[in-house]
Amino acid sequence: MALETTTVALADGSLLRDQAFIGGRWCDADDGRTFAVRNPASDELLATVPRMGVGETRRAIDAAADAFADWRDRPAAERAAVMRRMRDLMLEHRDDLALLLTLEQGKPLAESHTEIAYAAAFLEWFGEEAKRIYGDTIPSPHRDKRILVTKHPVGVCGGITPWNFPSAMVTRKAAPALAVGCTMVLKPAEQTPLSALAIAALAERAGLPPGVLSVVTGDAEDAPAIGTEMTSNPIVRKIGFTGSNEVGKLLMHQCADQVKNVSLELGGNAPFIVFDDADLDEAVAGAVLCKFRNSGQTCITANRILAQDGIHQEFVDRFTAQAAKLVVGVGVEPATKVGPLIDQQAFEKVSRHVADACERGAQLLLGGGPHERGGTFFSPTVLDRVSLEADMSREETFGPVAGIHRFGDEREAIEIANDTPYGLAAYFYSRDVGRIFRVSEHLEYGILGINTGFISVEVAPFGGVKESGIGREGSKYGVDDWIETRYLSLGGIDN
Ligand code: ADP
């Protein structure tokens, strides 16, 4: 147990909340229990928040059902106006939100600023997009009938979010849901509830009606009870989840009983392919960004870097030289590019992956172990000649560790890239337009970064194929996941 407490010095201290938000009221757990939220950079205590369970979740669901009746009937423009105020408030309080995010999650402050802007953007985008949800009229095959198609919010939704993007994952689910008229009970990750609670505080200020968005907090041990209530309560019509494949599959099983709608954004195992004809400056810069952003703790991080024979050595040399320059440190220090890992468990997984790759013959070119900062800081690491059988080639490493593999031709690269049950993001660098089309058409992934290592933007559909998930978040396609299509067959119109 850490003895120290980090003082969270926010300009607006009321954004640091130690209560959950249910039905428009800030509240403690029924039994008064709390859990600690710690700074992963120091293990210092940031705050304690309520440990909630079935009872509190049920109350939040009931409040969401009450709120749904009015919220769904409001014109989209009215809902959008409230969401726009939420977005404005997020940007107005961007410094505080970014600081809170860095303190509870560990990422560099500059990345937190980017995340807050990205998170706020979903509120604006979906608020506007919901104004353009059109129905349809279908030419009727019968003289006395008309066929109309109308769109409706799915209903009360549950949202369960992970710790790696504590703000953006909240709005990426809540914004489309709320914009189309759904209401939501959200459970943020136990490591990072403070960002979600701060968003709830701003939602309250923006005038979001009570119950439209509730935030129920719980520790790791409480998550199964909260999740089970969300999936078994018949009021809840949909679950939106981002997190591990294991929990995603469990929730999908649980939802099967009531045939509940699910959107799942699960793990990836992104290939990052550099072909001989790539612009190497761009490829190296893209790979460094894609690999080391958020200390490699993203589901779209480059997990397998594949470099073609002709440029392999040069790419490895240049990439390693760039990775060696990355400053490891506490997220609030301006020079920091790589923060700590989220917790000890993450640190152990990363260490295990490095050891396994080395045992299977990988060449260690940089780092390879704990950073001198101690705690969960891991040195930026580069390994070449990583076996395709190594754990780091088969599973997400979720750390600042780059494993490189050398390949011969295009067909081999595609085969390696697709040889995984996952299918979230893939990247490749090439200047040959024919190759760009061929490779794009054969990679089995939901998102392709071509000559870029950064793909997240609110206007584009984010989501995976195969075991990486179901549904899309962001963009006009992201609206579909939160609406139902209804068909009206109107008879008795004699012609
Ligand atoms: P990670 O391994 O990245 O922490 P998890 O899938 O464990 O990913 O966590 C993602 C989210 O799922 C977190 O909010 C976590 O509390 C929640 N969670 C974990 N287990 C369950 C469960 N059995 N039911 C519902 N939610 C869960």
Side-chain angles (χ1 to χ4, degrees), residues 20 35-38 40 49-54 56-58 60-61 104-107 157-174 184-197 199-200 214-233 236 238-257 260 262-269 294-301 303 341-350 352-353 376 395-399 422 424 464 467-470 473:
F35 68 99
V37 184
R38 296 186 180 282
V49 295
R51 282 194 65 174
M52 294 183 151
V54 171
E56 296 91 337
T57 307
R58 192 168 295 167
I61 292 169
E104 68 174 347
Q105 201 273 348
K107 67 177 65 175
C157 300
I160 301 177
T161 52
W163 51 264
N164 59 346
F165 289 91
S167 283
M169 294 305 102
V170 169
T171 55
R172 202 158 83 176
K173 290 183 180 19
M184 177 171 273
V185 177
L186 182 101
K187 193 208 82 68
E190 55 276 10
Q191 298 91 337
T192 58
L194 302 179
S195 294
L197 292 171
I199 291 173
S214 289
V215 178
V216 174
T217 53
D219 203 352
E221 289 157 36
D222 310 316
I226 296 171
T228 302
E229 179 58 25
M230 283 185 179
T231 51
S232 63
N233 189 321
V236 178
K238 178 183 173 100
I239 299 290
F241 171 78
T242 296
S244 64
N245 282 63
E246 187 193 358
V247 175
K249 287 178 186 179
L250 176 74
L251 292 170
M252 197 172 171
H253 275 288
Q254 290 177 194
C255 284
D257 268 350
K260 275 197 216 304
V262 288
S263 285
L264 303 172
E265 202 263 277
L266 309 178
N269 181 2
N294 203 359
S295 299
Q297 302 173 115
T298 82
C299 47
I300 53 172
T301 194
N303 205 53
L341 294 172
I342 189 70
D343 54 24
Q344 193 56 33
Q345 209 184 327
F347 184 87
E348 279 159 22
K349 182 180 186 189
V350 173
R352 173 171 65 77
H353 274 197
T376 61
E395 311 163 15
E396 279 181 314
T397 301
F398 245 58
Y422 303 103
L424 188 55
E467 290 191 22
S468 286
I470 295 177
E473 293 185 319

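As the structure lists them, so they are numbered: ligands from 1, and atoms in each ligand from 1.
Contact check on E265 versus R172 returns a salt bridge, with a Lys/Arg side-chain nitrogen under 4.0 Å from an Asp/Glu carboxylate oxygen. Looking at E104 and R38, no side-chain N of the basic residue comes within less than 4.0 Å of a carboxylate O on the acidic one, giving no salt bridge.
Heavy atoms only, all atoms of each residue included: V215 and A20 are closest at O-CB, 3.3 Å. K107 and Q105 get closest at one heavy-atom pair: N-OE1, 3.0 Å. Closest non-hydrogen pair, Y422 versus G267, comes out as CD2-O, 3.5 Å.
Contact annotation: for T161 versus ligand 1, heavy atoms closer than 4.0 Å belong to the backbone alone.
Residue, atom and distance of the protein heavy atom nearest to atom 17 (C) of ligand 1 are I160 CG2, 3.7 Å. The single protein non-hydrogen atom nearest to atom 5 (P) of ligand 1 is S244 OG, 3.6 Å, given as residue, atom name and distance. Among protein heavy atoms, the minimum distance from atom 25 (C) of ligand 1 is reached at A223 O, 3.5 Å. The protein heavy atom nearest to atom 21 (C) of ligand 1 is V247 CG1, 3.5 Å. Distance from atom 15 (C) of ligand 1 to its nearest protein heavy atom, with residue and atom name: E190 OE1, 3.6 Å.
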Handout entry: Stepwise salt bridge (charged side-chain N to carboxylate O under 4.0 Å, His left out) test for E56 and K187
Key = CA-CA 11 Å; E56 296 91 337; K187 193 208 82 68; over 6 Å; no
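The distance criterion of under 3.5 Å between nitrogen or oxygen atoms is not met by Q191 with respect to ligand 1. Note: no N/O pair closer than 3.5 Å links T242 and ligand 1 by distance alone.
Residue contact check: W163 has heavy atoms under 4.0 Å from atoms 1 (P), 3 (O), 4 (O) of ligand 1. Interface of A189 with ligand 1, defined as ligand atoms under 4.0 Å from a residue heavy atom, comprises 13 (C), 14 (O). Distances below 4.0 Å separate heavy atoms of L250 from the following atoms of ligand 1: 23 (N).
Protein heavy atoms are absent from the 4.0 Å sphere centred on atom 9 (O) of ligand 1.
The side-chain heavy atoms of L186 and V216, taken from C-beta on, include no pair separated by under 4.5 Å. The closest side-chain heavy-atom distance from L341 to Q297 is below 4.5 Å. For the pair L251/I160, a side-chain contact is recorded, criterion being any heavy-atom separation below 4.5 Å from C-beta on.
Heavy-atom separations between F398 and ligand 1 are all 4.0 Å or longer.
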